Every structure is written in structure tokens, then in C-alpha cells.
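Quick notes on the structure that follows.
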Number of protein chains: 2
Amino acid sequence: MGTKQRREREKLERRKNILGTARKLFWQKGFQKTTMPEIAETVELAPGTLYLYFQSKEAIYLELLLEGYDMLIMRLRRKNNPNASPKERTKALIREFFKFAVNNPEYFDIIFFVLQKEFGSTRDSWFENSQIERLEAKEKECIRLASEAVSSGQNTPKNENFVQALWSMLAGIVFFWRRSERKELEKIMSETEKIILNSI
Amino acid sequence: MGTKQRREREKLERRKNILGTARKLFWQKGFQKTTMPEIAETVELAPGTLYLYFQSKEAIYLELLLEGYDMLIMRLRRKNNPNASPKERTKALIREFFKFAVNNPEYFDIIFFVLQKEFGSTRDSWFENSQIERLEAKEKECIRLASEAVSSGQNTPKNENFVQALWSMLAGIVFFWRRSERKELEKIMSETEKIILNSI
DNA sequence: CTATAAATTGAATTAAATTCATATAATGAT
DNA sequence: ATCATTATATGAATTTAATTCAATTTATAG
């Protein structure tokens, strides 16, 4: 009697449907112009039903960010070559980071929307605790990967700050690139790369 | 008959009052939790009146950012020593930038709120055109000052990208510092400084 | 074929920003 | 001082969405 299992599967399925629809709409028209009733209608559910699967509109958006982190982490892992020099590894990481940003800029929009200071205090609970935890774990994993690349394992305290700076810098570059209508990241990318590698 | 002048002065005065009140409230409780009726009540005006002075809540917030840029620009100018070496000048600029960020972090919150990609498309007109123009002029001036510091006047095309990268990096650092609850920017600041100066 | 539990519905509620018809106040000319 | 005109200000009404929740539907297991 695998009824329970099937039900659970179906529930996850519906959740995924909601997420997929939300993604499509958010990417298409942005977060603000996408409404919950609209998402609901598109997945063929009533507005209220969305709230059985997610705490809030923001929680859906954040969930997408988590998925983005997974993608990024996978890509960074794939390029991670333990035998290369720190410089080589860091270079590969930076390139993969920017490549991801160019191909999936929407996830960065979520970062800068959802991770604002503002959101810490705004409402009792835009997000579920579990989401926050998962987010922090993924952030940490990114930093860990970068740290590994930069120092090939040696984890000095100096390194922690360096890596934090590195990561913030890369994100900052993407933010301003995203803001300006400019298509090409190329020039700034390679400039950034040079600046960072100079310090390795 | 300086009536006209006086009236204009009074109007500016009221505008400044609104801005001051808004600033106080935004700083205190954040953008979202501050409501227009609340601002109105605090300046002792009716809600509708605010809209005679500003297009929207967002326009008020952006106006504060403009004021922040002015402050930052002034400080950067003050530290600007044409006789020092590019390295020295850049170092001074970075330090002044972070010092400003530490003392006035709220302005950075506005940057990351208002300058999101999202905001380009969300509504017909959160902002007045004149605001956007003033914003861009100030941004440009910041970049110009940085450019001057970095290269002591020589404006090569390489430089443009370098400076853009530099500026984005600094902002990125502040964003993530702001997000984490951490008090101390110190360590990351000096790490950032080293990274940048290595390339000068 | 029930009784129970799970899932869904969608109309009602809530919360703010914003608008706008109306009112008030100031000005300058007569 | 009076009045027509213009500039300011008002605040109740409107609008727009998110979110809630009492009621309904659907599925399950005994």
C-alpha cells in the first residue's frame, strides 16, 4: 500500500509545478509585476492553494534562489581541479562564476532583492526557518569552494577574509553590470580577473 | 515684492521637512515598515500633500540617496590630493569610501534597493526623470573621482573598466557586510585594500 | 458505504499607496 | 476692505495585491 508515498510524490510534484510556473513568470515580468493570483491561475490552482506550499510570495522567490545556488555550486565543483595551482583554480572559479551570471542573471536579482538588510526586519516571517538555514548552508559551501580554490586547502585566517572579499566583489560586479543596460561583461570581467589574480 | 521668493523658500522648506522626517523614519524602521500616512502624520501634513512634493514613496527614498551621493562626493574630494601617487590616492579613496559606508550604511541600503534591475520595469514612474538624471550625474562624478585617483589624470580605456570594477567591488563588499550582522568591516576592508592596491 | 483526514477553493479581509473632488489660504488688483 | 484667481492642502475614497479562512471537495481506509 504505497498510497502514502504516491501522495507525497504528488505533493512534491505540485510544488515543483508551482515553482516552475513562478520561475517562468518572475523571469518574464519581474518579481513585483508577477502576482500570486496570476501564478495560481497559471498553475491552475486557486490563490489560497499556493499558501499551502509556500509561506509567501517572497518565500517562492527565495526558493528559486536556493535552486540557483545549487546550480552554481554544481558548476563550480565541476571546474574544480585539485591538482591545478591556486592561481589556475581561482581563475577557473571566477570564469565559471561570471559565465553563470551571464547565463542566469535572474538569480542574482534575487540575491540583491531578498538578501537586503531591509528584509531582515520587514515582517515576522517572509521566509521559513528551514529556508534560511538551507540558504546559509549553500552560501557557506560557495565560500568553501572559493576558499579551496584560492589556497588549495590551506585554510589560514587571512584566507577567510580574502575569500569573503573575493566573493563580495564578484557579486558586486554582477550587480552593477545587471543595473547598467550594457550587454557585455567581457571587459570588466577580465579586469576583475586580473585584479584578483594579482593577489594570489 | 519678494513674495514669490518667500513662497519658493517656504516650499523648499516644507520639502526639506518631509525629507528629514522620511529620513528619520526610514533609518529607524526601514523602508517597508515606514508608511506614507506615517510620514505625513509626523510632518503634520495630510497624506495627499506628500504627493505634491514627491512622485512616490520610492522617489523620496531615492532623493535621500542623492543626498548621500553628495556627501560621499564631498568627502572624496576633500581627501583628493593631486600630488600624491596613484597608489596613495587610491588608498585614500578606498578608506574614505569604507569610512563613509560605516558611518552611513543606510545610503547603501538605498542603492541596493532602488538600483535593482527590478525597478527599471516595475511601474511606469516610481521616479521623476530629473531624479534619474541627477543620480546618473552623481554616479558619473564618483567614477570620475575614482578614475582620477587611480591614474592621476591619464584616462586610458583600460582605466575605465578598472575603475568600474573597483567601484562595483567596493559596493559589493559593503552589501555583504551590511547583510551579515557582523559589526567589523576592518578585516575585509584591509583585505580589499590590499587586493586593489596590488593592481595599481 | 461511511467517517475521517487531506487538499483545495475563492470570497472576504487587510494593508498601504495613491488619487481626486473639495476646501482653505494667500495674493494682488480694484 | 473686497473679491477673483491661483496655489496649497486635505482626507475620504479608490485601487491593488497579498494573504486568510470558513466552507467544500476529494481521497482514504476500515
Side-chain angles (χ1 to χ4, degrees), chain A residues 1-18 21-22 25-26 29-63 113-114 118-119 121-128, chain B residues 1-19 21-22 25-26 29-63 113-114 118-119 121-128 131:
Chain A
M1 192 74 41
T3 325
K4 200 153 194 176
Q5 276 81 78
R6 173 174 55 77
R7 285 205 136 196
E8 228 154 88
R9 223 180 317 121
E10 285 176 350
K11 218 169 161 189
L12 281 179
E13 200 52 47
R14 220 153 313 143
R15 203 185 129 96
K16 258 197 263 177
N17 277 156
I18 295 174
T21 302
L25 291 172
F26 285 150
K29 347 190 327 172
F31 179 75
Q32 315 225 39
K33 289 221 273 218
T34 303
T35 70
M36 292 296 268
E38 187 185 7
I39 296 171
E41 187 178 46
T42 313
V43 266
E44 299 175 287
L45 289 170
T49 309
L50 299 184
Y51 290 87
L52 300 174
Y53 292 87
F54 299 95
Q55 202 115 98
S56 66
K57 190 180 168 187
E58 283 73 15
I60 299 180
Y61 207 37
L62 179 52
E63 197 64 29
F113 179 73
V114 162
E118 187 75 16
F119 266 89
S121 61
T122 302
R123 238 231 344 223
D124 284 337
S125 54
W126 293 109
F127 310 122
E128 311 161 38
Chain B
M1 191 74 42
T3 324
K4 201 154 195 176
Q5 277 81 78
R6 174 175 54 77
R7 286 207 135 197
E8 227 155 89
R9 224 181 315 121
E10 285 175 350
K11 216 170 163 186
L12 281 179
E13 201 50 48
R14 221 153 312 141
R15 203 185 129 97
K16 257 199 264 179
N17 277 155
I18 295 174
L19 272 178
T21 302
L25 291 172
F26 286 149
K29 348 190 326 171
F31 179 76
Q32 315 225 36
K33 289 221 273 218
T34 303
T35 70
M36 292 296 270
E38 188 184 8
I39 295 170
E41 187 179 46
T42 313
V43 265
E44 299 174 288
L45 288 171
T49 309
L50 299 185
Y51 291 87
L52 300 175
Y53 292 87
F54 298 95
Q55 201 115 98
S56 65
K57 190 179 167 187
E58 283 74 14
I60 299 180
Y61 207 36
L62 180 52
E63 197 64 30
F113 179 73
V114 161
E118 187 75 15
F119 265 89
S121 60
T122 301
R123 241 232 343 225
D124 283 338
S125 53
W126 293 108
F127 310 121
E128 309 162 40
Q131 278 189 310

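Values below: all heavy atoms of this structure, side chains included; hydrogens, waters and symmetry mates excluded. The structure presented is a predicted model; accordingly, all values stated were derived computationally and were not measured.
In plain terms, the two heavy atoms of A:Thr42 and A:Leu25 that are nearest each other are OG1-CD1, 3.7 Å. For the residue pair A:Val114 and A:Phe119, the shortest heavy atom distance occurs at O-CB, 3.5 Å.
Listed pair B:Thr3 / C:dG28 meets the phosphate criterion, a side-chain N or O lying under 4.0 Å from OP1 or OP2. A close approach under 4.0 Å does not occur between any side-chain nitrogen or oxygen of B:Arg7 and OP1 or OP2 of D:dT6. Between B:Lys57 and C:dA16 there is no side-chain N or O to OP1 or OP2 distance below 4.0 Å. Regarding contacts with the backbone of C:dT27, a side-chain N or O of B:Arg6 is found under 4.0 angstrom from either OP1 or OP2.
A side-chain contact (heavy atoms from CB on, under 4.5 Å) with B:Ile39 holds for exactly one of B:Leu45, B:Leu19, B:Leu50; it is B:Leu50.
In this entry the distance linking CZ of B:Arg9 with C1' of D:dT8 reads 18 Å, nearest Å. Atom CD1 in A:Ile18 sits about 13 Å away from atom P in C:dA7, given to the nearest Å. Atom CG in B:Leu12 sits roughly 11 Å away from atom P in D:dT8 (whole-Å rounding). What separates CD1 of B:Ile60 from P of C:dA16 is a distance of 16 Å, to the nearest Å. We find that NZ of B:Lys4 is positioned 18 Å from P of D:dT5, with the value rounded to whole Å. If you take CD of B:Gln55 and P of C:dA17, they are 16 Å apart, rounded to a whole angstrom. Taking atom CD on A:Glu10 and atom P on C:dA5, their separation rounds to 20 Å, with Å as the unit. Rounded to a whole Å, the CE atom of B:Met36 is 18 Å from the P atom of D:dT16.
Looking at residues 43-54 of chain B, you'll see B:Gly48, B:Tyr51 sit with a heavy atom under 4.0 Å from some atom of DNA chain C.
Using a 4.5 Å cut-off on side-chain heavy atoms (C-beta onward), A:Phe54 and A:Met36 make no contact. Contact check for B:Trp126 versus B:Gln131: no side-chain heavy atoms found under the 4.5 Å cut-off.
Listed by first and then second residue, the side chain to side chain donor-acceptor pair (under 3.5 Å) pairs involving residues 6-18 of chain A are A:Arg6-A:Glu10, A:Arg14-A:Tyr53, A:Arg15-A:Glu63 (not counting sequence neighbours).
Classification of the A:Phe113-A:Phe31 ring pair by plane angle, with boundaries at 30° and 60°, yields tilted.
For the pair A:Arg14 and B:Glu58, both in contact range of DNA chain C, the more 5′-proximal nearest nucleotide belongs to A:Arg14.
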